[in-house]
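Notes follow the structure.
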Amino acid sequence: MFDLQAFLQAESRRSLGEAIRQTFGSSLGTRSFLLVGGAPARSGRISPIVVAADFPQSVMAQLHANPLCENIPFMNEWLKHERPICQQLDKMHARAVSPAVNQMRRQGCHSLAGHGCFDLRGSSAIFLLLVDLPDSQMSNAAPLLQLALPLIQASLGTMRYRSRMKYYEEKSALSAREAEVLKYVRHGMTNKEISSTMGLSFSTIKNHMAKIARKLGVKNRAASVAAASSNNLLASNFGESTIAPR
């Protein structure tokens with residue numbers, strides 16, 4: 001039984017690559033793999049996402065030098081038909097395949113299988129290429145690829161979402177100095193009083209207040225204090241101000 005849940009449980013590209021290796025290596029006996037992604041329908045540009053350590057380096061070198069679809073075996077064919085492709089390379093005529101496929105055949109690759117998946121907008125795609133499946137497993141590759149690719153796409157989407165959320169959280173977090181300024185504001189002090197207390201210029205305090213408002217998505221001092229308090233952003237190492245509240 002295929003453990004496709006491993007794709008959805010992957011938290012990084014490294015763990016996703018391991019899930020691909022385990023699933024397709026253990027279930028189908030494939031020797032190597034390459035997962036690429038990008039916007040092939042619009043610009044033809046594509047880039048590696050995860051790749052097995054023993055994937056043919058000549059193909060990888062071509063991809064890095066000129067990241068276009070024709071450098072990925074069978075990707076152009078998949079874009080035309082959008083269905084899994086499984087081929088035994090020794091049965092294909094050299095003129096009927098792309099230079100990348102011929103190069104892999106010269107490197108000793110006997111079979112290739114590939115399938116892809118577009119995102120919901122249809123603008124970006126991923127494509128998984130499997131290398132050297134046993135003849136006995138060629139018929140099993142297509143249904144497994146069809147089941148797995150949407151899950152891999154979903155996993156990558158979750159990773160991108162988590163990365164964006166982490167970026168925005170880090171960007172919106174108050175620095176220690178900004179938290180200190182805002183705690184003085186919470187005690188009712190004016191910018192001039194805060195400037196004198198902290199030994200900073202009046203314009204510096206104004207700049208801090210402007211940055212705080214932008215990070216919190218508010219427009220005034222009272223809203224800044226309320227937003228920071230509700231999100232526990234003032235619970236920093238600075239501690240409570242020693243200035244008595246007015």
Euclidean distance, R221 CZ relative to T190 OG1, rounded to 0.5 Å = 7.0 Å

How many angstroms lie between atom CG of N191 and atom CE of M189, to the nearest 0.5 angstrom?
-> 10.0 Å

P40 side chain near R45 side chain, heavy-atom distance below 4.5 Å = no

Main-chain N/O of F24 paired with T30 side-chain donor or acceptor, under 3.5 Å = no

Kindly say whether A19 contributes a backbone atom to a donor-acceptor pair with the side chain of Q22 at under 3.5 angstrom?
-> no

Taking C-beta and beyond as the side chain, do L35 and V51 meet within less than 4.5 Å on heavy atoms?
-> no

Could you check if a side-chain atom of R14 sits within less than 4.5 angstrom of a side-chain atom of V50, using non-hydrogen atoms only?
-> no

Mind checking whether L112 and Q88 have side chains closer than 4.5 Å, heavy atoms only?
-> no

Within a radius of less than 6.0 Å around CD of E11, do more than 12 heavy atoms belonging to other residues, nucleotides or ligands occur?
-> no

Identify the heavy atoms of A10 and R162 that sit nearest to each other, and give their distance.
-> O-NH1, 4.3 Å

Would you give me the side-chain donor-acceptor pairs under 3.5 Å for residues 142-157, sequence neighbours excluded?
unit_1: Q153; atom_1: NE2; unit_2: C117; atom_2: O; d: 3.0
unit_1: S155; atom_1: OG; unit_2: F7; atom_2: O; d: 2.9

Distance-minimising heavy-atom pair for L79 and C69 | CD1-SG, 4.0 Å

Does a salt bridge link R177 with E180, judged by any charged N lying under 4.0 Å from a carboxylate O?
-> yes

Are the side chain of S195 and the backbone of L200 linked by a donor-acceptor contact shorter than 3.5 Å?
-> yes

Take S229 and R186 through the test side-chain contact (heavy atoms from CB on, under 4.5 Å) and record every step on the way to the result.
-> CA-CA 10 Å; S229 298; R186 186 172 63 179; 4.0 Å; yes

If you look at every heavy atom in V218 and S224, which pair is closest and at what distance?
-> CG2-OG, 3.3 Å

Nearest 0.5 Å, what's the CD1-CZ distance between I85 and R83?
-> 7.5 Å

All salt bridge (charged side-chain N to carboxylate O under 4.0 Å, His left out) counterparts of E18, not counting sequence neighbours | R21

If you round to the nearest 0.5 Å, how far is CE of M138 from CG of L28?
-> 10.5 Å

Pair V185-M209, side-chain contact (heavy atoms from CB on, under 4.5 Å): steps then yes or no | CA-CA 9 Å; V185 173; M209 289 305 303; 3.7 Å; yes

Test side-chain contact (heavy atoms from CB on, under 4.5 Å) applied to L128 and H115, step by step | CA-CA 6 Å; L128 178 63; H115 190 36; over 6 Å; no

Quick one: pull up CD1 in I205 and OG in S201 and give me the separation to the nearest 0.5 Å.
-> 7.0 Å

Are any of the side-chain heavy atoms of Y184 and T197 separated by less than 4.5 Å?
-> yes

Indicate yes or no for a side-chain donor-acceptor contact from E178 to the backbone of S175 under 3.5 Å, with no hydrogens or angles considered.
-> yes

Grab the two heavy atoms, one from I46 and one from G38, that are nearest each other, plus how far apart they are.
-> CD1-N, 3.4 Å

Exam field: side chain S26 to backbone T23, donor-acceptor pair closer than 3.5 Å | no

Identify the heavy atoms of R13 and M159 that sit nearest to each other, and give their distance.
-> N-SD, 3.8 Å

Is there a donor-acceptor contact under 3.5 Å from the side chain of D132 to the main chain of C109?
-> no

Residues that F55 engages under ring pair (Phe, Tyr, Trp, His ring centres under 6.0 Å), provided they are two or more places apart | none

In terms of side-chain heavy atoms, does Q87 have a donor or acceptor partner in S111 at a distance below 3.5 Å?
-> no

Does the N71 side chain pair with the main chain of N66, one donor and one acceptor, at a distance under 3.5 Å?
-> yes

If the plane angle is over 60° it's perpendicular, under 30° parallel, otherwise tilted; pick one for W78 and F118.
-> parallel

Go through F74 and V101 one step at a time and tell me if the side-chain contact (heavy atoms from CB on, under 4.5 Å) criterion holds.
-> CA-CA 8 Å; F74 293 153; V101 172; 4.1 Å; yes

Taking the side chain from N76 and the backbone from K80, do they hold a donor-acceptor pair closer than 3.5 Å?
-> no

Between M60 and P48 the two heavy atoms that sit nearest each other are CE-CG, 3.8 Å

Joint hydrophobic cluster, M198 plus F202, side-chain heavy atoms closer than 4.5 Å | no

What's the spacing between L130 CG and R31 CZ if we round to 0.5 Å?
-> 11.5 Å

